Structure formats: C-alpha cells, structure tokens
Amino acid sequence: MARVANQDNIAEVTREGLTLVDFWADWCGPCKMMDPVLEELEKKYQGKISFAKVNVEENQELAKQYKIMSIPAQVLFVDGVAKEKVTGFKPQAAMEKYLDEKLA
C-alpha cells in the first residue's frame, strides 16, 4: 500500500531510489479513476519503485512547493529529488510505458 506522505515525512518517503508520489484530493473524480491504476502499478513494480500519496487539501504547502496546479498529478522522485511531473488521468498501459522508461 502506498505510504501517506506529508510535509513532515516527504524527504524520508522519497529518500531512496524511484518514488512515484500521487497528489490527489477526495473531491477529484479523475483522482478516483487513477487509484486502481496506481494500485496495480504498485503491485507490478514492487521492489523497484516506491509509491506514496499526498492529499493536497491537507498539504497545500507541499502541493505549492512541487507546483501542483491540477490533480491528479504524479511526481517522480529519484533519490529524494523531484525529477518529473505527470498530470491528469493516464491509463495503466501509458503509466507502465512511462515507468518502464524510467527503470531502463
């Protein structure tokens, strides 16, 4: 299960390797559509990529820090550094292609 990340633990959660952090909110329809996709990706990439979630309603400063203007948005961290952002709903196949490229 994806770890819950916030202002206090984001550095620890993203410290090692690849971590995909999902920025979301309860009221966001596309975020709810993205949930099962991310759950499947988490199973597929277990041991290769870590997954975390940030509720933007509860962590507005964190969302601002990573320039999250619309959700859902996933930020890919490499060894604690935010490298890329993917915004909007993406089907599982598209996310797998993206993550496979990052692992190559």
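What you see is a predicted model; the values in this text were computed from it and never measured.
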Any side-chain donor near an acceptor of the partner, N59 and Y66, under 3.5 Å: no
Nearest heavy-atom contact between A82 and V75 is CB-CG1, 3.7 Å
So, the side chain of N9 versus the backbone of V4: is there a donor-acceptor pair under 3.5 Å, distance only? yes
Got a salt bridge between E12 and R3, using NZ or NE/NH1/NH2 to carboxylate O under 4.0 Å? yes
Rounded distance [0.5 Å steps], CG in L103 versus CD in E101: 10.5 Å
So which heavy atom on A63 is nearest to which on V56, and how close? CB-CG1, 3.9 Å
Q46 meets the side chain to side chain contact (heavy atoms under 4.5 Å, CB included) criterion, sequence neighbours left out, with none
List in chain and number order the residues that pass ring-ring contact (aromatic ring centres under 6.0 Å, His included) with F51, two or more places apart in sequence or in another chain; answer none if no residue qualifies. none
Atom pairs and distances, donor-acceptor, side-chain atoms in residues 83-91, under 3.5 Å, two or more places apart:
unit_1: E84; atom_1: OE1; unit_2: Y98; atom_2: OH; d: 2.7
unit_1: E84; atom_1: OE1; unit_2: K102; atom_2: NZ; d: 3.1
unit_1: E84; atom_1: OE2; unit_2: K102; atom_2: NZ; d: 3.0
unit_1: K85; atom_1: NZ; unit_2: K67; atom_2: O; d: 2.4
unit_1: K90; atom_1: NZ; unit_2: T87; atom_2: O; d: 2.7

Same cluster for F77 and L62 if Ile/Leu/Val/Met/Phe/Trp/Tyr side chains link at under 4.5 Å? yes
For N6 and V13: C-alpha separation, side-chain torsions, deciding distance, then whether side-chain contact (heavy atoms from CB on, under 4.5 Å) applies. CA-CA 9 Å; N6 56 45; V13 168; over 6 Å; no
Rounded to the nearest 0.5 Å, how far apart are CG of L38 and NZ of K43? 12.0 Å
Between side-chain atoms of residues 17-24 and protein atoms elsewhere (two or more places apart, or another chain), which donor-acceptor pairs fall under 3.5 Å?
unit_1: D22; atom_1: OD1; unit_2: Q74; atom_2: NE2; d: 2.9
unit_1: D22; atom_1: OD2; unit_2: K53; atom_2: NZ; d: 2.8

E61 side-chain N/O to Q7 backbone N/O, donor-acceptor pair under 3.5 Å: no
Pairing residues for E39 by the side-chain hydrogen bond (donor to acceptor under 3.5 Å, both in side chains) criterion, not counting sequence neighbours: none
Indicate the atoms forming the closest heavy-atom contact of C31 with A25, along with that distance. SG-N, 3.8 Å
With sequence neighbours left out, the residues meeting side chain to side chain contact (heavy atoms under 4.5 Å, CB included) with Q92 are V37, E40, L41, E96
